[in-house]
Novice: 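Once you've had a glance at the structure underneath, I'll fire off some questions.
Lettering of chains follows the sequences in order, A, B, ..., and the numbering in each one begins at 1. Only heavy atoms go into these numbers, but all of them, side chains included; no hydrogens, no water, no symmetry mates.
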There are 2 protein chains.
Amino acid sequence: MKNFDSYFKSAFTVDNVIFGFDESDLKILLIKRQEDPYIDHWALPGYFVLPDEDLNTAARRVLKQLAGLDNVYLEQVKSFGAVDRHPFGRVITVAYYSLVKIDNFNPQPDNDVAKEVRWFSVSDVSNLNLAFDHEEMVDVCFETLKHQVRVRPIGFELLPPKFTLTELQHLYEAILETDLDKRNFRKKILSMNLLIDLDEMQAGVAHRPAKLYQFDYDKYQEFLEEGFSFEVKESKRKERQAVS
Amino acid sequence: MKNFDSYFKSAFTVDNVIFGFDESDLKILLIKRQEDPYIDHWALPGYFVLPDEDLNTAARRVLKQLAGLDNVYLEQVKSFGAVDRHPFGRVITVAYYSLVKIDNFNPQPDNDVAKEVRWFSVSDVSNLNLAFDHEEMVDVCFETLKHQVRVRPIGFELLPPKFTLTELQHLYEAILETDLDKRNFRKKILSMNLLIDLDEMQAGVAHRPAKLYQFDYDKYQEFLEEGFSFEVKESKRKERQAVS
DNA sequence: GCAAAAGTGTTCTCGGTACACCCATGC
DNA sequence: GCATGGGTGTACCGAGAACACTTTTGC
């Protein structure tokens, strides 16, 4: 029998691209590393997978330890394995993206990996000179999110439990990086019957208060079971802008 | 500085789900293993990633060495990392799917991993008791293919350079596991302007010979650059069948 | 001439898109 | 009373889906 020992000299990590939504801005949670390599660089929350831990478990543990997050939407996206991507040796990483309700939590680093945790606008990430190949990972995950949000109602994972239709629309606009037509958006969303009208109103706003809605997870489960497709199309307004 | 040595004790592999299309059957290429673990089991063509090799390179090398395949469509799908998935130690694997023109090549094992190489119908795979978690990998890759084929014209990768519209339709039906309406399918495909009419006919068939077409890769490139979406919808005939 | 697959057009329906004005609140 | 965003309906258009008969070949 051959000897395979020489293959058992690599490590692997998980890295999380954590999306949040705030006002009308799509954000990503980053940590400032306090250990080598890339000490003092901004980076995705990620760490080595333990020997007795499978990949998803590792991703959830890292979310908890580095960002204090629990119980969030999490999906594997892609693995990155360039030979020289890690200075300590051969390290493959598995990228995940996750969606969190941003106002829900206050990132508190209580570990010796992250010296600081902070939300950044997606559009600012390219100026930060992220550690490793993390910028590429952000790009790939953002593209994946853009695609997924058209196919499943995962947008709700980014909003508080009660939200207005305008907030939902702003979220879609931020993710898809486009403008949506208000009336068409509402018609489409409401026609899916995935929202529960809470018969409550916004309060304390300096304009006509909006109705509050809640996502109907039970109904969504029903739809899933009978196979169903969710999609949001963009308005063509931007084309007119492009011409002018 | 911490010591990370304990993390550098794992290995990783790549595994390929290789799809081919033959007559009206979607097939997968499997090897019969001639080394432990799972000796004599059918398995996906896969092997350890070498220390100085990145993931895509490894996938292509394995395709070449184990299946004699070169220059094929290849895409990363997902990584699998259950703790006990490999008896020799901690091994993560990265699953790829690839698409090949089946009549183009005759699988010849010339290596000491595969004792035999053979095409199996996708529908038969679940009876083979594949090595490792390979059956799950086949399922995931098949689902991915089903989705991708609706969004990009990758179906052509599975057909010979010259093909008839009926062959193309049978391919879509095999992948999507549904029936398609002939007239609607042709209208849709031809309206995309991605096929070149070769002004040639099938020969030697015991019925009216069909026109031969060729995929227009150049035009596809143009479309890609200006952002474009390709989709094929299924017929609703099967619903009628289900009722009867 | 018969079996077997190729080829071809029209109608209907539904979802997508464009588009503009009145309403309720805080200040 | 004014600024701010909330909320609403209609007409048009195009893509998708349903559907049946004639044509060409090998035998």
Side-chain angles (χ1 to χ4, degrees), chain A residues 23-24 150-151 159 162-173 176 178-195 197-213 228-244, chain B residues 23-24 150-151 159 162-173 176 178-195 197-213 228-244:
Chain A
E23 308 287 319
S24 47
R150 287 172 166 277
V151 174
L159 290 176
K162 302 177 178 184
F163 52 85
T164 69
L165 290 181
T166 302
E167 286 166 352
L168 185 61
Q169 181 177 343
H170 287 335
L171 170 62
Y172 274 89
E173 290 174 336
L176 298 174
T178 185
D179 287 332
L180 298 168
D181 180 89
K182 182 163 62 166
R183 279 179 287 191
N184 293 339
F185 180 80
R186 285 162 181 250
K187 207 189 312 172
K188 171 101 192 201
I189 293 287
L190 291 174
S191 73
M192 291 188 282
N193 285 319
L194 285 173
L195 294 191
D197 182 341
L198 289 171
D199 269 319
E200 280 180 64
M201 295 289 176
Q202 258 181 330
V205 287
H207 55 79
R208 179 171 171 179
K211 273 184 161 181
L212 292 173
Y213 291 86
F228 120 104
S229 129
F230 173 96
E231 203 166 333
V232 182
K233 289 272 172 71
E234 70 192 59
S235 149
K236 274 184 188 161
R237 282 199 205 161
K238 53 164 192 175
E239 288 180 23
R240 288 194 287 121
Q241 286 169 12
V243 173
S244 62
Chain B
E23 309 286 317
S24 48
R150 288 172 166 275
V151 175
L159 291 175
K162 299 176 179 186
F163 52 85
T164 70
L165 290 181
T166 302
E167 286 166 353
L168 185 62
Q169 182 177 342
H170 288 335
L171 169 62
Y172 273 91
E173 289 174 338
L176 298 174
T178 185
D179 288 331
L180 299 169
D181 180 88
K182 183 162 62 163
R183 282 177 287 192
N184 292 340
F185 180 79
R186 286 163 180 249
K187 208 189 312 173
K188 171 102 192 200
I189 293 287
L190 291 175
S191 73
M192 291 188 281
N193 284 321
L194 285 172
L195 294 189
D197 182 342
L198 290 171
D199 268 318
E200 279 179 67
M201 294 289 174
Q202 255 182 332
V205 287
H207 55 77
R208 177 169 172 181
K211 274 184 160 181
L212 292 173
Y213 291 86
F228 120 105
S229 131
F230 173 99
E231 202 165 335
V232 182
K233 288 272 171 72
E234 71 192 58
S235 151
K236 273 181 191 163
R237 281 197 206 162
K238 53 165 195 178
E239 288 181 21
R240 286 194 289 124
Q241 286 169 13
V243 174
S244 65

Novice: Could you state the interatomic distance from CG (L176(B)) to CZ (R150(B)), rounded to the nearest 0.5 Å?
Specialist: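 Separation between the atoms: 5.0 Å.
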Novice: Measure from CG on D197(B) to C1' on dA6(C) and round the result to the nearest Å.
Specialist: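 Value for this atom pair: 14 Å.
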Novice: Let me confirm one number: the CE-NZ distance from M192(A) to K187(A), rounded to the nearest 0.5 Å.
Specialist: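 Going from CE on M192(A) over to NZ on K187(A), the span is 13.0 Å.
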Novice: Checking contacts here: which listed nucleotide (dG6(D), dG9(C), dG7(C)) is nearest the side-chain heavy atoms of R186(A)?
Specialist: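 Closest nucleotide among those given: dG6(D).
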Novice: Show your reasoning for whether side-chain contact (heavy atoms from CB on, under 4.5 Å) applies to M201(B) and K211(B).
Specialist: CA-CA 5 Å; M201(B) 294 289 174; K211(B) 274 184 160 181; 3.8 Å; yes
Novice: Of R186(A), Q202(A), K182(A), which is the lone residue that meets side chain to side chain donor-acceptor pair (under 3.5 Å) with T166(A)?
Specialist: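 Considering R186(A), Q202(A), K182(A), a side chain to side chain donor-acceptor pair (under 3.5 Å) with T166(A) is found only for R186(A).
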Novice: Which heavy atom in Y213(B) sits nearest to a heavy atom in L190(B), and how many Å separate them?
Specialist: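 Looking at all heavy atoms of both residues, the closest pair is CE2-CD2, 4.0 Å.
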Novice: Nearest whole Å is fine: how far is dC12(D) C1' from K187(A) NZ?
Specialist: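 Taking NZ of K187(A) and C1' of dC12(D), I get 12 Å after rounding.
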Novice: To the nearest Å, how far apart are N184(B) CG and dT10(C) P?
Specialist: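 Between P of dT10(C) and CG of N184(B): 14 Å.
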Novice: Starting the side chain at C-beta, find the nucleotide from dG9(C), dA18(C), dA6(C) nearest to T166(B).
Specialist: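 The answer is dA6(C), which lies nearest to the side chain.
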Novice: Output the rounded distance in Å from NZ (K188(B)) to P (dG16(D)).
Specialist: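 Those two atoms, NZ and P, are 4 Å apart.
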Novice: Quick check: closest heavy atoms across L180(A) and F185(A), and the distance to 0.1 Å?
Specialist: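 Looking at all heavy atoms of both residues, the closest pair is CD1-CD1, 3.9 Å.
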Novice: Using the side-chain heavy atoms of K211(B), tell me which of these nucleotides is nearest: dG7(D), dG7(C), dT17(C).
Specialist: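 Closest of the options to the side chain of K211(B): dG7(C).
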Novice: Output the distance between atom CG (L212(A)) and atom CD (E167(A)), rounded to the nearest 0.5 Å.
Specialist: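 Going from CG on L212(A) over to CD on E167(A), the span is 7.5 Å.
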Novice: Provide a list of protein-nucleic acid N or O atom pairs under 3.5 angstrom, restricted to nucleotides 21-25 of chain C.
Specialist:
residue, atom, partner, partner atom, Å
dC23(C), O4', R208(A), NH1, 3.4
dA24(C), N3, R208(A), N, 3.0
dT25(C), O2, H207(A), N, 3.4

Novice: Tell me: CE of M201(A) to P of dG6(D), nearest whole Å?
Specialist: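 Value for this atom pair: 12 Å.
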Novice: Which whole-number value in Å describes the distance from E23(A) CD to dG5(D) P?
Specialist: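 From E23(A) CD to dG5(D) P: 12 Å.
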Novice: Grab the CZ-P distance between R183(B) and dT22(D) for me, whole Å please.
Specialist: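 To the nearest whole Å, that distance equals 13 Å.
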Novice: Taking CG from L190(A) and P from dG15(C), how many angstroms apart are they, rounded to a whole number?
Specialist: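 Between P of dG15(C) and CG of L190(A): 15 Å.
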